[in-house]
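Working notes for the structure below.
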Amino acid sequence: MTAVTAIAILGGGFAINAWVNRGPETKVHEGPVTGQLLLSSDSQTLTLSIGWSCEKQPELVARETAETVKVSLRHTVAPGSCDPGGIGQITTHLNKPLGTRALNDPAGKPVIHFDERNLLRPAFLPENYYPYPAGRMVQLPGLAPLPTDTPAWASGYRLGTGPEAGSLIISQTLRNSTPPAGRATSVKGHPATITQPDSHSGPRSLTWSDGTYTFAVTTGGPPRLSDEELIRVAESLG
C-alpha cells in the first residue's frame with residue numbers, strides 16, 4: 001500500500017481505456033471485466049469499480065444460463081472528439097441469485113469477485129464522516145490500487161457532504177500478510193503498523209491481518225484522521 005505514483009479507487013482496479021481511433025460511426029464492442037467485482041449479499045447484484053476515458057460510461061453485462069453467469073464490459077465509442085471519461089461504480093442485476101452457478105468471463109475463465117457477505121463494516125465512524133455516494137469512488141494519490149489476483153474490496157467515506165475534504169478508505173483483501181514496516185500497534189490482538197510514506201501530503205494507513213484477510217484503514221486529506229481514530233475505526237469492524 002505504499003506505491004507513490006499509484007491511485008487507489010474504491011473497490012480497486014482503475015481501468016482506463018487507451019485512446020482509440022474514432023471513425024464516423026459509433027463503435028460498440030465487449031471485452032473482459034477489469035478491476036474488482038463485488039457480489040451483493042443477496043447474490044443478485046454485481047458491482048464493478050472502474051475508470052474510463054475516450055468512451056461513454058461502460059456497461060456491465062451479464063448473460064445467464066442454468067450453469068453459469070458470464071460477465072463482460074460493453075464499450076461504446078462515439079464519433080467526434082474524445083469524451084472526458086470518468087470514474088465510478090457500475091452495476092448489473094441477475095435474474096436470480098448466483099447460487100452455485102460459476103461466474104466467468106466471456107472466454108469461460110472464472111472471474112475473481114468479493115462476496116459482500118464477508119465484508120466487514122465499521123460500527124464507528126469519526127464525526128461528520130459519511131459513506132461515499134453510490135456510483136462514486138474515493139481516489140487517493142499515493143495509495144496503491146487493490147490487487148486483482150484475489151478477492152478484495154474497499155469502502156469509502158468522506159468528511160461532510162459538500163466539497164470533498166478528508167477521506168477514509170477501508171480495504172479488505174483475501175490474503176494473509178505481514179504488516180509493512182511502520183509504527184507498531186495492534187488491532188483486536190493482531191500485530192498492526194501505521195505507515196505514511198509522505199508525512200506532508202501522503203495518505204496514512206493502519207494495516208493488519210487476522211490470518212485470513214489483510215485490512216487497511218487509510219486516511220487522506222487534509223484534514224487527516226489521527227492514529228487513535230484509525231485504530232478506533234479498525235477495532236469497530238465487524
Side-chain angles (χ1 to χ4, degrees), residues 1-18 31-41 45-52 58 60 71-73 87-91 98 102-107 109-122 132 136-157 167-182 187 190-198 202-220 230 233-234 237:
M1 302 291 285
T2 60
V4 176
T5 59
I7 296 178
I9 304 296
L10 175 59
F14 188 27
I16 301 180
N17 292 311
V33 170
T34 55
Q36 281 290 352
L37 196 65
L38 179 72
L39 176 66
S40 63
S41 296
T45 299
L46 296 169
T47 301
L48 178 71
S49 291
I50 187 175
W52 66 93
L60 188 60
V71 291
S72 60
L73 272 181
I87 57 174
Q89 293 181 345
I90 57 177
T91 62
L98 179 65
L103 187 62
N104 295 334
D105 67 11
K109 181 180 178 181
V111 173
I112 294 175
H113 60 281
F114 196 102
D115 191 328
E116 189 178 25
R117 292 173 295 182
N118 299 323
L119 188 65
L120 301 190
R121 301 186 185 279
Y132 228 65
R136 296 284 303 281
M137 294 189 293
V138 175
Q139 51 181 328
L140 290 180
L143 188 61
L146 292 175
T148 57
D149 60 345
T150 187
W153 194 252
S155 302
Y157 305 85
S167 57
L168 172 68
I169 294 178
I170 303 173
S171 67
Q172 182 175 340
T173 302
L174 185 58
R175 176 177 294 160
N176 182 27
S177 61
T178 301
V187 174
H190 302 289
T193 57
I194 296 176
T195 57
Q196 184 171 358
D198 184 344
R204 184 167 63 253
S205 295
L206 168 64
T207 306
W208 76 99
S209 176
D210 65 0
T212 301
Y213 292 98
T214 293
F215 299 86
V217 178
T218 302
T219 178
L230 290 179
V233 171
L237 289 177

For [X] and [Y], which heavy atoms make the closest approach, and how far apart are they?
{"X": "I169", "Y": "A154", "answer": "CG2-CB, 4.0 Å"}
{"X": "T173", "Y": "T150", "answer": "CG2-CG2, 3.6 Å"}
{"X": "R121", "Y": "S155", "answer": "NH1-OG, 4.2 Å"}
{"X": "S72", "Y": "P106", "answer": "CB-CG, 3.6 Å"}
{"X": "A234", "Y": "W208", "answer": "CB-CH2, 3.4 Å"}
{"X": "T195", "Y": "A181", "answer": "CG2-O, 3.0 Å"}

Kindly compute the distance separating [atom1] ([X]) from [atom2] ([Y]), expressed to the nearest 0.5 Å.
{"X": "L46", "Y": "L98", "atom1": "CG", "atom2": "CG", "answer": "7.5 Å"}
{"X": "W52", "Y": "T34", "atom1": "CH2", "atom2": "OG1", "answer": "12.0 Å"}
{"X": "S41", "Y": "D115", "atom1": "OG", "atom2": "CG", "answer": "7.0 Å"}
{"X": "Q89", "Y": "L48", "atom1": "CD", "atom2": "CG", "answer": "8.5 Å"}
{"X": "T47", "Y": "H113", "atom1": "OG1", "atom2": "NE2", "answer": "12.5 Å"}
{"X": "L230", "Y": "T207", "atom1": "CG", "atom2": "OG1", "answer": "10.0 Å"}

Please tell me if the side chains of [X] and [Y] come closer than 4.5 Å, counting only heavy atoms from C-beta onward.
{"X": "L120", "Y": "F215", "value": "yes"}
{"X": "V217", "Y": "L168", "value": "yes"}
{"X": "V233", "Y": "Y157", "value": "no"}
{"X": "L37", "Y": "L103", "value": "yes"}
{"X": "I50", "Y": "L73", "value": "yes"}
{"X": "W153", "Y": "Q172", "value": "no"}

Run through T212, T214, D149 and flag the one making a side-chain hydrogen bond (donor to acceptor under 3.5 Å, both in side chains) with R175.
->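 Among T212, T214, D149, the one meeting side-chain hydrogen bond (donor to acceptor under 3.5 Å, both in side chains) with R175 is D149.
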Donor-acceptor pair, [X] side chain versus [Y] backbone, under 3.5 Å?
{"X": "T193", "Y": "P180", "result": "yes"}
{"X": "S209", "Y": "N176", "result": "no"}
{"X": "E116", "Y": "L38", "result": "no"}
{"X": "Q36", "Y": "P147", "result": "yes"}

Sole candidate of V111, V33, V71 that passes side-chain contact (heavy atoms from CB on, under 4.5 Å) when paired with D105 =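 One option only clears the test, and that one is V111.
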Describe, in one word, how the ring planes of F114 and Y213 are oriented to each other, choosing from parallel (under 30°), tilted (30 to 60°) and perpendicular (over 60°).
-> tilted
